[in-house]
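Remember, it's 1-based here, ligands and their atoms both numbered in the order they're listed. This chain uses plain numbering: 1 for the first residue, then up along the sequence.
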Amino acid sequence: MCGIVGYIGNKPIKEILIDGLRELEYRGYDSAGIAVLQNHQFSLFKAIGKLINLEEKTKNFETTGFSVGIGHTRWATHGKPTELNAHPHVGENSCVVHNGIIENYQELKNMLIQQGVKFLSQTDTEVIVHLFEYHLRTAATPFDAFTQTLKKLKGSYAILLVSASADETIFFAKNGSPMILGRNGEGETLFGSSDAALIGKCHEVIYLEDGQYGVATAQTIALYDQFNHAVELRFIPLSENKLSAQKEGFRFFMEKEVYEQSRVISDTLMGRLGDERIYFEELDATLFEGINEIKLCACGTSYHAAMVASYLFERHSKIRTSVEIASEFRYREPFLTHDTLFVVISQSGETADTLESLKMAKKAGLKTLVICNVDNSSMVRLADASILTRAGIEKGVASTKAFATQVSVLWMLSLMLAGMRKTLETTEIKRQIHLLRTLPATVKVDEALHEQLRRLSKRYLNGHGFFFIGRDVFFPLALEGALKLKEISYLHAEGYPSGEMKHGPIALADPGLYTIALLPQHKLYDKTKSNVEELSARDSTICSISPLDFNKADDHIRTKLSEDYMVEFFEMMVVLQLFSMEIAIRLGNDIDMPRNLAKSVTVE
Ligand code: F6R
């Protein structure tokens with residue numbers, strides 16, 4: 001989704017801003033822009049499409065010496081992806097970039113139009129800069145004008161505003177969208193909507209809290225809270241490790257991230273597996289006191305991980321578990337009781353619907369836990385407790401390694417609870433811990449299998465749709481397989497519980513309907529097999545994924561024989577990820593930045 005960068009200092013600013021935006025590219029965007037203020041003069045550049053277009057437009061623009069600048073990658077919400085709608089938005093003598101949504105922008109816009117202000121764009125953001133200039137006419141200082149502006153805004157925002165009326169300064173504010181402020185001891189101040197934009201450019205940062213705002217120069221930073229009290233600056237060190245942000249020879253970040261799953265699962269398991277129990281040192285045992293129910297809440301791929309967990313929690317820990325799609329949960333007036341542990345799952349920790357659901361649960365007095373990949377993200381800071389998934393930066397928009405580590409964590413959590421609640425024999429917990437230890441080897445990509453998927457992919461380009469089917473935890477895996485394929489191939493795909501096909505969807509069966517059947521040996525094999533046979537009898541094209549032979553399939557992807565269905569789950573997960581990717585590559589699609597999608601969905 002949208003990205004923000006800001007810089008105050010003496011270095012060549014164009015490179016710093018565009019480099020920062022490049023680090024945020026993976027979040028998805030459809031236009032980009034920068035504004036630089038030097039010697040009371042603004043230079044403004046915007047381009048639709050990828051950053052390369054902005055680089056082309058700025059190729060003759062150079063600065064030397066001190067300057068102030070802001071940059072933005074926009075993912076269209078209000079108004080089409082055009083140059084006029086791209087950020088920064090300009091007033092007479094000021095520029096603004098903004099992430100989030102100003103909910104009362106229409107009302108503010110009407111008021112400003114009555115005052116004679118002319119609007120250039122269709123965006124909600126543009127009201128911010130005009131409102132600021134409107135207040136500037138009467139305010140004692142530009143910073144007063146900025147604070148008066150903030151008071152009028154309703155909605156979520158991360159804002160950077162630069163004005164010729166205070167030309168060595170950036171005004172900033174955060175409410176509901178992430179914003180990070182950094183400095184490096186070299187007389188530079190930087191801003192980013194994610195720390196990815198700041199790595200390598202500064203060594204210490206502050207993750208702003210909701211309601212905080214302030215004013216920065218190269219040397220000074222003043223920070224205030226929502227009650228206008230000055231806030232002490234508490235910088236924390238920023239990691240210097242950029243390695244994980246590179247493709248390392250893989251064709252796409254998605255491919256690299258699939259291949260990385262073995263290593264990141266090892267990291268996720270590290271220090272958490274005992275001989276006969278699971279350790280999550282970050283969790284206080286009191287978190288589970290008085291808890292009789294677990295409610296899991298998430299979006300997209302993280303929701304599929306939550307669904308897998310609902311099977312494992314009930315099966316292993318014998319605790320009532322429900323799963324909620326965050327965008328539904330928020331508005332359905334859910335009945336919440338204090339004996340429920342509310343667990344949100346999120347790769348980014350910033351997804352608007354999940355974050356709001358977490359806020360609702362907290363407000364209702366529930367204990368909360370987040371399973372998240374990004375430390376210091378909004379959800380991690382808000383929840384009572386957090387478990388980090390340790391997948392490293394995930395750049396491919398289609399989530400892969402984040403899902404793998406989420407399911408690993410949730411499986412471990414189910415065993416930890418089983419131990420605490422004495423719902424599994426110690427021998428069974430030990431057996432499953434042994435299985436967990438085999439996961440890094442299980443998900444290691446077998447080159448021969450990858451080659452088979454590459455060859456097979458050419459036969460799956462022209463049908464009228466895909467059904468991914470499975471039972472038990474293989475049903476959410478089927479949903480996830482279908483989501484992966486949809487996201488990057490733009491082909492129509494659905495995930496279904498195999499037993500449901502005969503209740504309607506089987507009407508679609510014909511040779512142009514591709515069925516991807518998950519047939520694990522150790523979970524309901526015979527039941528699933530009959531469901532696939534029903535589809536085969538109706539001439540659907542079947543691609544089965546199983547360690548056992550299946551003679552009713554048109555294509556068969558053989559997985560390894562293993563001891564347990566959860567091991568089969570992880571192996572099939574890799575197959576589905578690579579299969580989708582190879583189909584999408586053949587279709588010539590942008591694998592890492594599929595159309596219409598954003599990595600971090602910070603609007604509802
Ligand atoms: C799919 C995908 C999305 C995210 C969803 C939630 O590949 O990446 O469906 O899973 O937008 O995002 P997080 O996990 O960051 O809350």
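Nearest to atom 1 (C) of ligand 1 among the protein's heavy atoms is Glu487 OE2, 2.9 Å. Protein heavy atom at the shortest distance from atom 4 (C) of ligand 1 is Thr301 N, 4.0 Å. The protein non-hydrogen atom at the shortest distance from atom 6 (C) of ligand 1 is Cys299 O, 3.4 Å.
Qualifying side chain to side chain contact (heavy atoms under 4.5 Å, CB included) partners for Thr125, counting only residues two or more places apart in sequence or in other chains: His87, His89, Val96, His98, Thr123, Ile128.
Applying the 4.0 Å criterion to heavy atoms of Ser346 picks out, from ligand 1, the atoms 13 (P), 14 (O), 15 (O), 16 (O). For ligand 1, the atoms lying closer than 4.0 Å to a non-hydrogen atom of Ala398 are 7 (O). Proximity to Ser348 (heavy-atom distance under 4.0 Å) selects the following atoms of ligand 1: 13 (P), 15 (O), 16 (O). For ligand 1, the atoms closer than 4.0 angstrom to any heavy atom of Ser302 are 10 (O), 13 (P), 14 (O). Those atoms of ligand 1 that come under 4.0 Å of a heavy atom in Val397, given as number and element, are 7 (O), 8 (O). Atom numbering of ligand 1 starts at 1 in the shown order; those under 4.0 Å from a heavy atom of Gln347 are 13 (P), 14 (O), 15 (O), 16 (O).
A perpendicular orientation is assigned to the rings of Phe467 and Tyr496, their planes being inclined by more than 60° (bins at 30° and 60°).
Considering backbone and side-chain atoms together, Thr351 places an N or O closer than 3.5 Å to an N or O of ligand 1. Residue Thr354 has no nitrogen or oxygen atom sitting less than 3.5 Å from a nitrogen or oxygen atom of ligand 1, judged on distance alone.
With salt bridges taken as basic N to acidic carboxylate O contacts below 4.0 Å, none links Arg595 and Asp590. With respect to Lys359 and Asp210, a salt bridge is recorded, a charged nitrogen being found less than 4.0 Å from a carboxylate O. Look at Asp30 and Lys80 and you find no salt bridge, because none of the NZ, NE, NH1 or NH2 atoms lies under 4.0 Å from a carboxylate O. A salt bridge does not link Arg454 to Glu447: none of the charged nitrogens lies less than 4.0 Å from a carboxylate oxygen. Using a 4.0 Å cut-off between a side-chain N of Lys or Arg and a carboxylate O of Asp or Glu, Arg251 and Glu582 qualify as a salt bridge.
Residue Lys484 places a heavy atom less than 4.0 Å from ligand 1. Note on ligand 1: Thr400 sits outside its first shell, no heavy atom being nearer than 4.0 Å.
Residue pairs meeting the salt bridge (Lys or Arg N to Asp or Glu O under 4.0 Å) criterion with at least one partner in residues 367-378, sequence neighbours excluded, do not occur; the list is empty.
A donor atom on one side chain and an acceptor atom on the other are not found under 3.5 Å apart for Ser357 and Arg330.
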